[in-house]
Amino acid sequence: MSDVIAGHEQNPAALLEQVFGQVAADEMHGLPFYRDHIPLRACGFQLFEQQWIGALLTPWMLSLVVLPGPQQNWQRRAVGERLMLALPCGTIGFTVSEIAGCGQYLSRSLMSPLDTSLSAERALQLAEQSARMALSLPVVDTDAPANPRRRALFNKVSQIKNQHA
């Protein structure tokens with residue numbers, strides 16, 4: 001087994017659907033949290049900082065997924081190891097995962113198991129929106145301090161100066 005995980009030259013959405021489709025058929029289909037009406041889709045995959053990122057919707061879960069991109073080589077990590085990634089939406093914790101046919105990837109569960117009341121249409125919308133939101137710039141209140149803790153620190157310094165004056 002190589003110490004390096006080679007990147008995916010092409011968008012990995014079809015590969016993820018194929019690999020997880022096999023898992024669905026072989027291992028997951030009979031389980032009580034499997035939702036027959038939910039499609040299996042890899043949604044919104046695109047390159048971000050040379051890595052593929054998107055959402056994976058299966059009949060049992062919704063996750064954000066990151067895979068190495070074209071000409072990228074990841075160091076092999078222990079499955080289950082946690083990494084924090086800085087995305088435009090904020091810092092998100094991911095877990096190192098691995099599946100035969102696809103190799104290692106990073107995943108962040110968004111919903112597992114899926115809500116029993118979730119319709120197929122709503123599940124697909126949620127997956128697409130999740131992929132988009134992960135790479136969306138945060139909306140910030142322009143009147144709020146850039147760093148509230150720093151502002152609190154300056155207020156504390158002012159209070160101490162006023163006490164000694």
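Here, residue 1 is the first one in the sequence, and each next residue gets the next number.
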Test item: Pro88 and Phe48 side chains (from C-beta on) under 4.5 Å apart, heavy atoms
yes

Nearest heavy-atom neighbours spanning Ala127 and Cys43
CB-SG, 3.6 Å

Using ring-ring contact (aromatic ring centres under 6.0 Å, His included) as the criterion, list what pairs up with Tyr34, not counting sequence neighbours.
His29

What's the shortest heavy-atom distance between Ala78 and Val96, and which atoms?
O-CB, 3.5 Å

Going by the rule side-chain contact (heavy atoms from CB on, under 4.5 Å), which residues pair with Leu47 if we only count those two or more places apart in sequence or in a different chain?
Trp52, Pro70

Can you name the closest pair of heavy atoms from Asn73 and Ala6 and give their distance?
OD1-CA, 3.6 Å

Trp60, Leu31: one ILVMFWY side-chain cluster at the under-4.5 Å cut-off?
yes

So among Leu106, Leu67, Leu87, which one has a side-chain contact (heavy atoms from CB on, under 4.5 Å) with Ile53?
Leu87

Heavy atoms, side chains only, cut-off 4.5 Å: are Ser97 and Tyr105 in contact?
yes

Among all residues two or more places apart in sequence or in another chain, which pass the side-chain contact (heavy atoms from CB on, under 4.5 Å) test with Gln51?
Val66, Pro68, Gln72, Trp74

Nearest-0.5 Å distance that lies between atom CG in Leu124 and atom CD in Gln129
11.0 Å

Is the count of non-hydrogen atoms from other residues, nucleotides or ligands lying under 6.0 Å from Met133 atom CE greater than 12?
no

Any chance you could lay out the side chain to side chain contact (heavy atoms under 4.5 Å, CB included) test for Met61 and Phe33, step after step, and finish with the verdict?
CA-CA 9 Å; Met61 68 164 183; Phe33 49 82; over 6 Å; no

Cluster check Val65, Ile92: I/L/V/M/F/W/Y, side chain < 4.5 angstrom
no

List the atom of Leu118, the atom of Ala123, and the distance in Å for their closest heavy-atom pair.
CD2-CB, 3.7 Å

Separation between CG (Leu64) and OG (Ser109), nearest 0.5 Å, reads 9.5 Å

To the nearest 0.5 Å, what is the distance between CD1 on Ile5 and CZ on Arg76?
3.5 Å

Answer yes if Leu40 and Leu114 sit in the same cluster of Ile, Leu, Val, Met, Phe, Trp and Tyr residues linked by side chain heavy atoms under 4.5 Å apart, and no otherwise.
no

Hey, is the main chain of Ala13 close enough, under 3.5 Å, to the side chain of His8 for a donor-acceptor pair?
no

Specify the closest pair of heavy atoms between Phe45 and Pro12, including all atoms of both residues, with the distance to one decimal.
CD2-CG, 4.1 Å

Glu9 side chain to Gln71 main-chain N or O, any donor-acceptor pair under 3.5 Å?
yes

Counting heavy atoms not belonging to Gln18, are there more than 12 under 6.0 Å from its CD?
no

Can Leu135 be reached from Leu62 by stepping across I, L, V, M, F, W or Y side chains whose heavy atoms are under 4.5 Å apart?
yes

Would you find a donor on one side and an acceptor on the other, under 3.5 Å apart, between the side chain of Glu17 and the backbone of Ala42?
yes

Leu126 side chain reached by Leu57 side chain, heavy atoms, under 4.5 Å
no

Euclidean distance, Thr58 OG1 relative to Phe20 CZ, rounded to 0.5 Å:
7.5 Å

Sequence neighbours excluded, every pair satisfying salt bridge (Lys or Arg N to Asp or Glu O under 4.0 Å) that has a member inside residues 33-53
none

Gln104 side chain to Arg77 main-chain N or O, any donor-acceptor pair under 3.5 Å?
yes

side-chain hydrogen bond (donor to acceptor under 3.5 Å, both in side chains) against Ser117, all qualifying residues, sequence neighbours excluded:
Asp115

Any idea which heavy atoms bring Cys102 and Leu15 closest together, and the distance?
SG-CD2, 4.1 Å

side-chain hydrogen bond (donor to acceptor under 3.5 Å, both in side chains) partners for Ser63, two or more places apart
none

